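Please read all numbers here as calculations on a predicted model, not as lab measurements.
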Amino acid sequence: DMNWDAIGAIAELMAATGALAALVYLALQLKHNTEALRKSELAARSSTSFQGAHSWAELNTHILTPEFATLTARSMEDPLPSISIEESARLGFLGRSALERLDALHYLYRHEQLEEELWNVRVTWARRFLAKPFWREWWQLERQSSNYSPSFIADLESKPSDGGPV
């Protein structure tokens, strides 16, 4: 005959085993969910990086007309070339479009949604671009337009151009 103490001990052992099994199950589920979340975040980052790169590439299609390509090339000359008011306005819209896209990429970078490598490529280009005489003058006025986040301006201006090609 088993006494009640033995039956109680067996019941406690079974309850402890069940609790341990539940904890192991929860640990495995947590690991699985963490991995799924990591993969989801990686997919979102990849998508964001692709969209940022596509947006940048799309901007380049605006200068495909021979006339505008020539004007853009002239704006990169040193010393400062002669550019009409109309040409300056057209270039200004191009510059604003580029830097507003860059500011959007900066936001994604700051919130860890854009890889540092891609951000560094883009900001290095922008520093080189803004080092050209026409664009340097344009930026001194444009940066005051309230179109850009203060953190973007600070990051962009935190280092000088490395002098490389645009």
Side-chain angles (χ1 to χ4, degrees), residues 1-64 69 72 76 91-132 135-136 138-166:
D1 274 305
M2 264 204 214
N3 65 22
W4 287 109
D5 288 337
I7 292 172
I10 292 171
E12 284 181 20
L13 180 62
M14 290 176 67
T17 302
L20 182 60
L23 286 175
V24 168
Y25 174 77
L26 286 174
L28 291 173
Q29 285 298 311
L30 181 61
K31 181 180 177 184
H32 174 74
N33 287 344
T34 301
E35 182 66 17
L37 184 60
R38 187 189 69 76
K39 287 180 180 178
S40 176
E41 181 182 339
L42 182 60
R45 280 181 160 204
S46 296
S47 175
T48 301
S49 292
F50 173 78
Q51 288 171 354
H54 177 72
S55 171
W56 201 260
E58 182 183 49
L59 178 64
N60 290 328
T61 64
H62 296 294
I63 63 169
L64 290 179
T72 304
M76 301 292 177
L91 288 168
F93 288 123
L94 173 69
R96 179 173 285 172
S97 180
L99 290 182
E100 284 177 348
R101 289 170 195 232
L102 193 62
D103 193 3
L105 291 178
H106 181 257
Y107 176 85
L108 295 173
Y109 168 69
R110 281 187 27 236
H111 290 89
E112 299 179 357
Q113 295 298 312
L114 185 71
E115 295 296 323
E116 184 174 12
E117 180 181 22
L118 181 56
W119 169 248
N120 287 334
V121 166
R122 297 295 184 240
V123 76
T124 297
W125 172 87
R127 289 176 181 138
R128 291 173 179 176
F129 179 77
L130 295 175
K132 301 298 182 184
W135 294 106
R136 186 172 46 245
W138 172 83
W139 177 241
Q140 291 310 308
L141 294 173
E142 181 67 15
R143 67 187 301 281
Q144 299 170 30
S145 68
S146 300
N147 286 324
Y148 310 97
S149 65
S151 63
F152 166 68
I153 293 172
D155 197 355
L156 179 62
E157 295 178 347
S158 67
K159 293 181 190 174
S161 169
D162 63 6
V166 176

Roughly how far, to the nearest 0.5 Å, is [atom2] of [Y] from [atom1] of [X]?
X	Y	atom1	atom2	answer
E100	H106	CD	NE2	15.0 Å
L130	E157	CG	CD	8.5 Å
K31	N33	NZ	CG	12.5 Å
L108	D103	CG	CG	10.0 Å
F129	R122	CZ	CZ	13.5 Å

Evaluate the side-chain proximity of L114 to Y107: yes if any heavy-atom separation is below 4.5 Å, no if none is.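 Side chain of Y107 against side chain of L114, heavy atoms only: no contact under 4.5 Å found.
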With sequence neighbours left out, what residues match E142 under side chain to side chain contact (heavy atoms under 4.5 Å, CB included)?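 In terms of side chain to side chain contact (heavy atoms under 4.5 Å, CB included), with neighbours along the sequence ignored, E142 is linked to R96, W138, W139, S145, N147, Y148.
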What pairs with S161 under side chain to side chain contact (heavy atoms under 4.5 Å, CB included), at least two apart in sequence or on another chain?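 By the side chain to side chain contact (heavy atoms under 4.5 Å, CB included) rule, S161 matches R127, R128, A131.
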Closest heavy-atom contact between W125 and A98?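 Looks like CH2-CB, 4.3 Å.
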Search all heavy atoms of L94 against all heavy atoms of T72 and return the closest pair with its distance.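 That closest heavy-atom pairing would be CD2-OG1, 3.9 Å.
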What do you reckon, is CD of E117 surrounded by more than 12 foreign heavy atoms closer than 6.0 Å?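 Counting neighbours around CD of E117, 12 or fewer heavy atoms of other residues, nucleotides or ligands fall under 6.0 Å, so no.
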Residues, nucleotides or ligands: over 12 heavy atoms within 6.0 Å of E116 CD: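 No, not enclosed.
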Just by modelled atom types, is the D155 backbone N or O under 3.5 Å from a matching donor or acceptor in the S158 side chain?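 Yes; at least one donor-acceptor contact below 3.5 Å.
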Under 3.5 Å, is there a donor-acceptor pair between the side chain of T34 and the main chain of L30?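 At least one qualifying donor-acceptor pair exists.
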Suppose we screen for side chain to side chain donor-acceptor pair (under 3.5 Å). Which residues come up paired with R110, at least two apart in sequence or across chains?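 Result, side chain to side chain donor-acceptor pair (under 3.5 Å) vs R110: S151.
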Aromatic ring pairing W119/Y109, orientation class (parallel under 30°, perpendicular over 60°, tilted between):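 The rings of W119 and Y109 lie parallel, inter-plane angle below 30°.
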